[in-house]
Visitor: 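After the structure tokens below, expect a handful of questions from me.
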Amino acid sequence: QTFRGSLNSYKFPKDFFWGVATSAFQIEGAVNEGGRKPSVWDTFSAIPGRIKDGSSPAVACDHYHRYKDDIKLMAQLGVKDYRFSIAWPRIIPDGRGKVNEEGVDFYKRLLDELNKYGITPHATLFHWDSPQALEDKYGSWRSREMASDFADYATAIVTRLGDRITHWMTLNEISQFTHLAYGVDSQPNNAPGTRVSSKKEVWQTSHHALLAHGLGCQAIRAASPKPCAIALVLDIGSTVPLTESAADIAAAQKAFHTYWFNGGIIFPALTGAYSPIMLKELGADAPDIQDGDLKTIHQPLDDFGINLYTGKYARAANNPQGYELLDFPKSYPKMQATWIKFIPESLYWAIRHVSDTLGRQDLPLFVSENGCITQDELNESGEVIDSDRILYLRQYLRAAHRAIQEKYPLKGYFLWSLMDNFEWSRGYSDRFGIVYTDYKTQKRIPKASFNWYAECIRQNRVV
Ligand code: PNW
């Protein structure tokens with residue numbers, strides 16, 4: 001009796017959605033087709049040494065030609081929601097100016113195919129692939145001009161695809177294409193990988209991205225022919241209380257302001273102000289903020305997407321800040337990447353911090369990315385038994401379930417990723433998919449986790 005009870009637990013609400021996520025540059029390939037021009041990632045990848053395994057993103061998963069098969073796989077999986085991104089360099093190849101209708105047509109075909117299977121599209125307007133032309137013209141995110149060019153691109157897209165898409169996300173993970181793409185002391189891992197002279201200049205790039213988000217929201221609302229939902233998607237630095245004592249929880253909430261880039265990105269976007277604690281810590285490195293900027297940045301949102309892979313433990317301490325962040329012991333469990341420490345409750349705490357620490361209990365949330373790398377190999381029977389991935393996803397989904405039990409407004413979950421793809425500076429060596437991509441033949445092989453996830457979706461619970 002008890003056993004049956006536990007098997008029936010971890011049910012999700014009836015309207016909870018289960019999805020998968022990808023991004024344009026990581027899967028499409030066809031970089032010189034359909035009128036597309038280079039992005040900063042095309043340029044960056046061509047520099048020897050920048051991509052770990054020396055691989056080229058030119059073909060990736062060849063999704064540009066194989067999108068029909070890939071959508072069939074999604075239908076087989078049973079997902080009803082798909083998060084993907086639209087490539088700015090396909091739509092406006094020079095970054096600003098003339099719209100390339102051939103680029104738009106690819107997304108029309110993709111959307112019509114999704115529609116055939118009843119899969120709802122959730123489109124990210126920008127997932128790191130800035131047009132190279134804008135990098136050459138004014139240094140892309142180093143310039144304020146990037147924000148208005150992004151808004152014009154948003155208008156161009158929403159005007160053309162707004163009849164087919166009603167779920168929009170502006171930018172994906174601001175920190176990754178600003179703070180981790182422009183460096184002072186070291187060579188950044190992400191494109192354009194530019195050295196700049198001060199930390200202030202780096203903070204200026206993320207400020208410009210926030211402005212792009214704000215102007216982008218206004219552009220989407222103005223251009224959309226239908227009522228639509230607009231979200232921002234950020235990588236949250238999730239501070240996890242070491243114990244759930246009141247003191248450690250308070251410590252984790254304080255630490256949330258300054259850990260990762262939270263205080264300078266998610267705070268202005270969702271509260272209309274940089275965290276004062278963060279600003280104090282930045283001192284002269286803080287960006288210049290013009291009159292009206294914060295108002296532009298702080299747009300009404302319909303929901304908010306959390307990208308979450310890992311976290312950091314915090315506990316109360318007798319020091320001026322009142323908390324300390326803990327280093328991981330060498331033996332701490334991690335996935336096949338050193339950065340993905342296994343901390344399922346980091347997902348629960350990310351949700352709770354966005355709701356409570358930021359005071360945005362009104363804002364519906366969804367997980368826009370969650371997943372991991374495992375050491376995936378085809379066995380003799382041609383299968384990939386990625387048990388570690390199943391165990392990881394199962395625990396993180398249970399943490400999501402806890403948040404829902406406690407009435408946090410979590411509406412859905414996108415697994416990163418549908419299939420193995422071009423993992424940025426790590427090339428093809430890091431595999432995040434629940435479908436194995438054989439890059440020699442472009443054959444797709446569903447992994448054990450694919451079947452497991454299909455069963456979760458079918459039963460609407462963590463199995
Ligand atoms: C995200 N970190 O990036 C991106 O949105 C995806 O395109 C990417 O493939 C995926 O996560 C997996 O890496 C991140 O070091 C990269 O904390 C690194 C970190 C976080 C997110």
Side-chain angles (χ1 to χ4, degrees), residues 19-28 39-41 44-45 51-53 55 57 60-61 63 82-88 122-130 169-181 183 186 188-191 193 206 209 231-240 259-262 265-266 304-312 325 328 334-343 346-347 349-350 366-374 376 389 392-393 396 413-435 437:
V20 285
T22 63
S23 93
F25 191 72
Q26 295 180 271
I27 63 169
E28 284 179 4
S39 72
V40 292
W41 270 98
F44 184 77
S45 314
I51 308 301
K52 183 200 155 208
D53 58 5
S55 57
C61 304
H63 175 75
Y82 175 45
R83 173 176 181 238
F84 68 105
S85 84
I86 295 171
W88 188 346
H122 300 245
T124 311
L125 288 175
F126 179 77
H127 201 122
W128 310 2
D129 44 359
S130 316
M169 289 158 279
T170 52
L171 307 164
N172 178 72
E173 300 191 342
I174 289 177
S175 72
Q176 296 279 337
F177 62 87
T178 57
H179 291 274
L180 304 183
S186 60
N189 280 330
N190 288 343
S206 57
L232 171 65
V233 168
L234 293 177
D235 43 333
I236 307 297
S238 184
T239 50
V240 179
Y259 179 57
W260 198 236
F261 302 95
N262 294 344
I265 298 180
I266 187 171
F304 180 81
I306 296 174
N307 284 2
L308 197 284
Y309 294 87
T310 190
K312 186 90 173 162
L325 288 171
F328 290 98
K334 56 180 183 303
M335 307 313 289
Q336 201 56 40
T338 30
W339 66 275
I340 310 186
K341 308 291 188 224
F342 181 71
I343 312 176
S346 63
L347 183 51
W349 281 100
F366 60 96
V367 175
S368 30
E369 285 179 23
N370 173 238
C372 67
I373 306 166
T374 56
D376 297 332
R389 174 171 289 105
Y392 172 100
L393 294 171
Y396 278 66
Y413 175 92
F414 292 103
L415 194 160
W416 184 272
S417 179
L418 170 65
M419 57 192 159
D420 299 333
N421 56 48
F422 183 74
E423 178 53 22
W424 308 110
S425 65
R426 314 272 308 169
Y428 300 109
S429 38
D430 283 358
R431 294 177 176 273
F432 271 96
I434 55 172
V435 174
T437 308

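Since the model is a prediction, treat every value here as computed from it, not as a measurement. Order of appearance sets the numbers: ligands from 1, and atoms from 1 within every ligand.
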Visitor: Evaluate the side-chain hydrogen bond (donor to acceptor under 3.5 Å, both in side chains) criterion for residues Asn370 and Asn307: first the C-alpha distance (whole Å), next the side-chain angles of each, then the deciding distance (0.1 Å), finally the verdict.
Guide: CA-CA 6 Å; Asn370 173 238; Asn307 284 2; over 6 Å; no
Visitor: List every atom of ligand 1 that sits less than 4.0 Å from any heavy atom of Phe432, numbering the atoms from 1 in the order shown and giving each element.
Guide: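 In order of numbering, the contacting atoms are 12 (C), 13 (O).
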Visitor: For the atom pair NZ (Lys341) and CE (Met335), what is the distance rounded to the nearest 0.5 Å?
Guide: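 The distance works out to 12.0 Å.
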Visitor: Just which atoms of ligand 1 are under 4.0 Å from any heavy atom in Asn172?
Guide: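 Heavy-atom distances to Asn172 below 4.0 Å select 5 (O).
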Visitor: Counting only heavy atoms, which portion of Asp430 has something under 4.0 Å from ligand 1: side chain, backbone, both, or neither?
Guide: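 Near ligand 1, Asp430 shows nothing, with every heavy atom at 4.0 Å or more.
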Visitor: Looking only at N/O atoms, are Gln26 and ligand 1 under 3.5 Å apart anywhere?
Guide: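 Yes, at least one N or O pair falls under 3.5 Å.
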Visitor: Using a 3.5 Å distance criterion without hydrogens, assess whether the side chain of Asp53 forms a donor-acceptor pair with backbone atoms of Ser429.
Guide: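 Checked: pair present.
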Visitor: Would Lys52 and Glu423 pass as an ion pair if we require N to O under 4.0 Å?
Guide: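 Salt bridge absent between Lys52 and Glu423.
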Visitor: Report yes if the distance between the aromatic ring centroids of Tyr428 and Phe422 is under 6.0 Å, otherwise no.
Guide: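 So the answer is yes for these two rings.
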Visitor: Measure centre to centre between the rings of Trp416 and Tyr309, then say whether the value is under 6.0 Å.
Guide: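 Trp416 vs Tyr309: aromatic centres not under 6.0 Å.
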Visitor: Is the closest heavy atom of Asp235 to ligand 1 under 4.0 Å?
Guide: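 False for this residue.
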Visitor: Between Tyr82 and Phe414, does the ring centre distance come in under 6.0 Å?
Guide: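 No, they do not, as the ring centres are separated by 6.0 Å or more.
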Visitor: Do the ring planes of Trp41 and Phe44 sit parallel (below 30°), tilted (30 to 60°) or perpendicular (above 60°)?
Guide: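 Perpendicular, since the angle between the ring planes exceeds 60°.
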Visitor: How many angstroms lie between atom CZ of Phe432 and atom OG1 of Thr437, to the nearest 0.5 angstrom?
Guide: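 Spacing of CZ (Phe432) from OG1 (Thr437) equals 13.5 Å.
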Visitor: Please report which non-hydrogen protein atom sits nearest to atom 14 (C) of ligand 1, along with the residue it belongs to and the distance in Å to one decimal place.
Guide: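 Sorting protein heavy atoms by distance from atom 14 (C) of ligand 1 puts Glu173 OE1, 3.4 Å first.
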Visitor: With the threshold set at under 4.0 angstrom, would you say Arg426 reaches ligand 1 through any of its heavy atoms?
Guide: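 Contact absent.
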Visitor: What atoms of ligand 1 come within less than 4.0 Å of a heavy atom belonging to His127?
Guide: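 Those atoms are 4 (C), 5 (O), 6 (C), 7 (O).
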Visitor: To the nearest 0.1 Å, how far is atom 10 (C) of ligand 1 from its closest protein heavy atom, and which atom is that?
Guide: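 For this ligand atom, the closest protein heavy atom is Tyr309 OH, 3.2 Å.
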Visitor: Would you check the N or O atoms of Asn421, main chain and side chain alike, for any that come under 3.5 Å of an N or O of ligand 1?
Guide: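 By distance alone, the answer is no.
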Visitor: Against heavy atoms of Trp128, which atoms of ligand 1 measure under 4.0 Å?
Guide: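 Heavy-atom distances to Trp128 below 4.0 Å select 3 (O), 4 (C), 5 (O).
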Visitor: Could you identify the single nearest non-hydrogen protein atom to atom 13 (O) of ligand 1 and state the distance to 0.1 Å?
Guide: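 Scanning the protein heavy atoms, the shortest distance from atom 13 (O) of ligand 1 goes to Glu423 OE2, 2.6 Å.
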Visitor: Got the closest protein heavy atom to atom 4 (C) of ligand 1, with its distance?
Guide: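 Nearest neighbour among protein heavy atoms for atom 4 (C) of ligand 1, to 0.1 Å: Glu369 OE1, 3.4 Å.
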Visitor: Can you report which non-hydrogen protein atom sits closest to atom 20 (C) of ligand 1, along with the distance?
Guide: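 Going atom by atom, the protein heavy atom closest to atom 20 (C) of ligand 1 ends up being Gln176 NE2, 3.4 Å.
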